[in-house]
There are 2 protein chains.
Amino acid sequence: MKEINPKIRIKDIAILAGVSEGTVDRVLHERGDVSAKSLEAVNKVLDEIDYTPNLLARSLASKKQYRFVCLFPAHQNADYWHSVDNGFTQAAREFTHYNVHIEKRYFNQYDVFSFVEVSNAVFEQKPDAVFIAPIFRNETLELCEKLTREDIPFSFIDSLIEEVNFLTYYGQNSFQSGYIAAKLSLSSLSDHAQVLIVRTQRKGAVSNQTLNRYNGFMQFINDNHLAGHLELSSVEIKDNDELANKESIRNIFESNNNIKTVITFNSRVHQLAKHLEELNLTDAKLIGYDLLEQNVAYLKKGAISFLIAQRPENQSYFTVRDMCRELIFKEKITKVNYVPIDILIKENIEYYLEMK
Amino acid sequence: MKEINPKIRIKDIAILAGVSEGTVDRVLHERGDVSAKSLEAVNKVLDEIDYTPNLLARSLASKKQYRFVCLFPAHQNADYWHSVDNGFTQAAREFTHYNVHIEKRYFNQYDVFSFVEVSNAVFEQKPDAVFIAPIFRNETLELCEKLTREDIPFSFIDSLIEEVNFLTYYGQNSFQSGYIAAKLSLSSLSDHAQVLIVRTQRKGAVSNQTLNRYNGFMQFINDNHLAGHLELSSVEIKDNDELANKESIRNIFESNNNIKTVITFNSRVHQLAKHLEELNLTDAKLIGYDLLEQNVAYLKKGAISFLIAQRPENQSYFTVRDMCRELIFKEKITKVNYVPIDILIKENIEYYLEMK
DNA sequence: TTTACTTTCGTGTGCGGACACGGACGTTAA
DNA sequence: TTAACGTCCGTGTCCGCACACGAAAGTAAA
């Protein structure tokens with residue numbers, strides 16, 4: 001039952017070191033204008049006593065205002081980016097008292113030019129920090145270089161670009177999540193079961209998340225020598241042509257009548273569920289990604305067996321929090337942060353959704 | 001790009017309402033000593049303007065100190081309660097600036113008297129809030145009634161007792177988690193597979209968590225009409241007699257040579273893993289609960305197939321945070337909070353552990 | 001020795017709000 | 001009319017810290 005925190009204030013340090021409070025302040029903030037002698041005296045005291053500045057008082061007294069800008073895809077209700085947005089909102093509320101102002105800037109994730117335009121505007125503002133969803137690799141790189149030149153810190157969410165010096169990354173280890181998808185969907189299959197992989201063509205440069213997932217998936221098959229025991233087939237569907245897609249599905253199921261598992265590595269699994277339902281093909285297990293409202297609905301109905309999810313709100317919230325810790329609280333933070341890979345089934349989805 | 005928070009201070013309200021700052025303060029804190037006229041004037045302004053008090057300044061200026069006491073089982077390294085402990089520690093660090101002081105009080109979870117003793121001591125201190133792990137039902141009830149009489153708020157973690165008026169509960173929906181365990185372990189079994197349920201006798205009153213899990217497990221069997229297709233057997237093992245336990249396991253495996261699945265509803269699954277390993281019985285899938293270090297080790301080795309986990313740190317952290325929100329920030333909070341049910345396998349455990 | 005800088009230091013004010021104290025004003029009873 | 005008391009209100013101080021400004025001390029040039 002020891003007493004923590006004997007409450008040491010700058011005033012106390014000043015007395016202990018035999019200098020004025022102003023001097024202590026200068027040492028703490030490395031403002032200069034301190035003689036070697038005082039510097040040493042203060043540092044000595046600081047070493048002995050473990051002084052924790054009162055962050056409340058600090059923020060209250062500080063006149064510095066922080067402007068953070070978030071740069072990520074525009075979105076509809078209840079999709080992945082919407083959750084990310086919520087995380088930013090939550091952070092905004094929490095950190096407003098610390099003089100940080102958060103501004104969201106959206107771009108069209110299917111249009112490079114929209115990204116370039118918005119990112120230029122962001123840069124012109126000279127914010128104190130930027131959070132980026134690096135959908136477009138090259139254009140993001142350009143932005144990052146400009147930011148680096150101006151000493152403006154930035155962080156990534158969702159995906160990351162290794163070549164630049166970001167502050168933090170929050171996202172999924174997509175390779176692993178593909179590996180897990182394979183484990184969940186393949187491990188109880190009998191010999192010669194057919195597995196269908198559905199891939200979506202997307203125009204424009206995109207993140208390599210889905211590719212990594214695919215690679216992870218294949219790695220599991222390799223590791224467990226399943227290649228000879230399973231019949232893998234794969235089909236490409238369109239970005240926006242539901243009818244054609246449905247037809248593709250129908251065809252592939254006609255020519256393969258033992259498909260036990262259908263997997264897609266993006267969040268559009270609800271479209272597949274819809275097609276399979278309409279085509280009366282409800283035998284196969286369906287696996288997909290992310291907690292879209294529609295996906296959740298099909299999961300609850302039993303049409304989707306597994307959803308693999310991350311926690312988008314956390315990604316955005318944590319990245320803002322870490323930026324504050326870096327800039328304001330001067331704390332140690334870790335650069336790359338993998339968000340947990342959540343396995344969701346009908347039975348645990350309720351409790352998952354209840355968490356903020 | 002709207003500007004949030006036009007920064008309104010008490011001073012502004014005073015001017016707008018044509019009264020002094022002291023009067024505004026009295027209205028805000030319902031300190032009385034305010035004429036009907038001033039009261040109305042201030043309330044009018046407060047209605048129009050949406051004033052958010054600066055919590056930093058508030059805590060800084062407030063002389064009120066909060067003393068929170070946490071009452072939960074003593075523990076060794078790396079077990080469930082250790083994580084809970086960490087959550088409290090984290091909360092302690094974070095809220096110390098808000099004048100809250102957190103004190104931990106441990107009791108022996110196998111000894112009612114130890115609980116009574118500690119809980120009496122806690123009550124004598126007249127703390128500002130108490131957090132309780134209600135291992136012993138009746139004795140906890142007594143404490144709660146005394147606390148209620150003194151208007152001391154309290155919250156539950158891990159389990160809850162409905163009859164008393166607690167502030168929050170954070171914990172798992174154990175029935176559901178048993179249901180999920182069944183789904184994971186039973187759904188890919190072939191007909192007439194044998195399933196072994198391992199139960200642990202414990203002396204003293206205990207929480208009904210494991211019972212609920214068991215019930216959830218059986219419910220899944222019912223819902224899916226598996227009773228006829230599976231052979232369930234069950235064995236009781238001792239709390240503390242490893243040798244006898246090993247022997248029991250050996251016996252049951254001798255008389256049942258088609259056991260495909262072994263499940264236990266508590267966190268001691270690592271002991272089972274050890275026995276099975278030593279007995280060279282590595283064919284069956286093993287399922288258990290909670291992220292003990294030893295469990296994790298066996299999960300990584302492949303000896304345990306699934307671990308079902310909650311997030312103990314979160315339980316304790318959130319419950320403290322909510323108490324602060326209630327007492328200090330006067331925010332709305334929800335009473336019963338089910339923590340997500342996490343499904344852990346070899347492949348996602350790494351990323352789970354990385355989260356704080 | 002005086003003047004002009006430069007380096008170092010101390011103090012005062014304010015951030016937004018809590019709280020105490022004492023003062024102004026009104027009411028009642030002597 | 002005045003003493004005695006209650007109601008209502010304004011102001012000042014402090015919380016722990018940041019930051020600016022000006023003073024003091026030291027140094028170099030004239």
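Each chain gets a letter, A, B and so on, in the order the sequences are listed, and its residues count up from 1. All values below come from the heavy atoms of this structure, side chains included, with hydrogens, waters and symmetry mates left out.
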Who are the side chain to side chain donor-acceptor pair (under 3.5 Å) partners of [X], not counting sequence neighbours?
X         : answer
Gln315(B) : Tyr80(B), Gln310(B)
Glu142(B) : none
Ser20(B)  : Thr23(B)
Arg31(B)  : Asp25(B)

Once you round it to whole Å, what is the distance between [atom2] of [N] and [atom1] of [X]?
X        : N       : atom1 : atom2 : value
Ile10(A) : dC19(D) : CD1   : C1'   : 11 Å
Leu55(A) : dC17(D) : CG    : C1'   : 11 Å
Asp12(A) : dC15(D) : CG    : P     : 11 Å
Lys11(B) : dG10(D) : NZ    : P     : 16 Å
Arg9(A)  : dC15(D) : CZ    : C1'   : 10 Å
Arg31(B) : dT7(D)  : CZ    : P     : 18 Å
Ile15(B) : dT11(D) : CD1   : P     : 12 Å

Item to complete: Compute whether any side-chain donor of one residue and acceptor of the other, for Asp158(B) and Tyr170(B), lie under 3.5 angstrom apart.
Response: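 No donor-acceptor contact under 3.5 Å links the two side chains.
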
Can you name the salt bridge (Lys or Arg N to Asp or Glu O under 4.0 Å) partners of [X], sequence neighbours left out?
X         : value
Lys44(A)  : Glu48(A)
Glu124(B) : none
Glu30(A)  : none

Discussion item. Short of 4.0 Å, heavy atom to strand atom, which residues of residues 21-30 of chain B count as contacting DNA chain D?
Written reply: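 Listed by number, they are Gly22(B), Thr23(B), Arg26(B).
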
Worksheet item: How would you list, by chain and number, every residue that makes a ring pair (Phe, Tyr, Trp, His ring centres under 6.0 Å) with Tyr106(A), sequence neighbours excluded?
Response: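 With sequence neighbours excluded, Tyr106(A) shows a ring pair (Phe, Tyr, Trp, His ring centres under 6.0 Å) to Phe72(A), His75(A), given in chain and number order.
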
When the side chains of residues 143-157 of chain B are checked against the rest of the protein, which donor-acceptor pairs come out under 3.5 Å, sequence neighbours left out?
{"residue": "Lys146(B)", "atom": "NZ", "partner": "Asn120(B)", "partner atom": "OD1", "Å": "3.2"}
{"residue": "Thr148(B)", "atom": "OG1", "partner": "Cys144(B)", "partner atom": "O", "Å": "2.7"}
{"residue": "Ser155(B)", "atom": "OG", "partner": "Thr168(B)", "partner atom": "N", "Å": "3.3"}
{"residue": "Ser155(B)", "atom": "OG", "partner": "Thr168(B)", "partner atom": "OG1", "Å": "3.1"}

Worksheet item: At what angle, to 10 degrees, do the two end axes of the helix from dT1(C)-dA30(D) to dA30(C)-dT1(D) meet, given five pairs define each axis?
Response: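 Roughly 70°, once rounded to the nearest ten degrees.
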
Discussion item. Does Lys335(B) qualify as a cation-pi partner of Tyr169(B), given the criterion of NZ or CZ under 6.0 Å from the six-membered ring centre and within 45 degrees of its axis?
Written reply: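 No cation-pi geometry.
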
Practice prompt. On DNA chain C, reading 5' to 3', which nucleotide is the first and which the last to sit with an atom under 4.0 Å from a heavy atom of chain A, could you check?
Written response: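 In short, chain A contacts DNA chain C from dT8(C) to dG16(C).
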
Item to complete: Let me know, please, whether Ser59(A) or Lys63(B) comes out on the 5' side of the other along DNA chain D by nearest nucleotide.
Response: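 The residue mapped nearer the 5' terminus is Lys63(B).
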
Discussion item. If you compare every side-chain N and O of Ser38(B) against the phosphate oxygens of dC9(D) (OP1, OP2), does one of them come in below 4.0 Å?
Written reply: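 Checking Ser38(B) against dC9(D): at least one side-chain N or O falls below 4.0 Å of OP1 or OP2.
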
Worksheet item: Looking across every strand, which nucleic acid part, if any, lies under 4.0 Å from Leu60(A) by heavy atom: base, sugar-phosphate, or nothing?
Response: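 Leu60(A): base contact, heavy atoms under 4.0 Å.
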
Worksheet item: So what does Asn54(B) hit on the nucleic acid, given a heavy-atom distance under 4.0 Å: a base, only sugar-phosphate, or nothing?
Response: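 Result for Asn54(B) = sugar-phosphate.
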
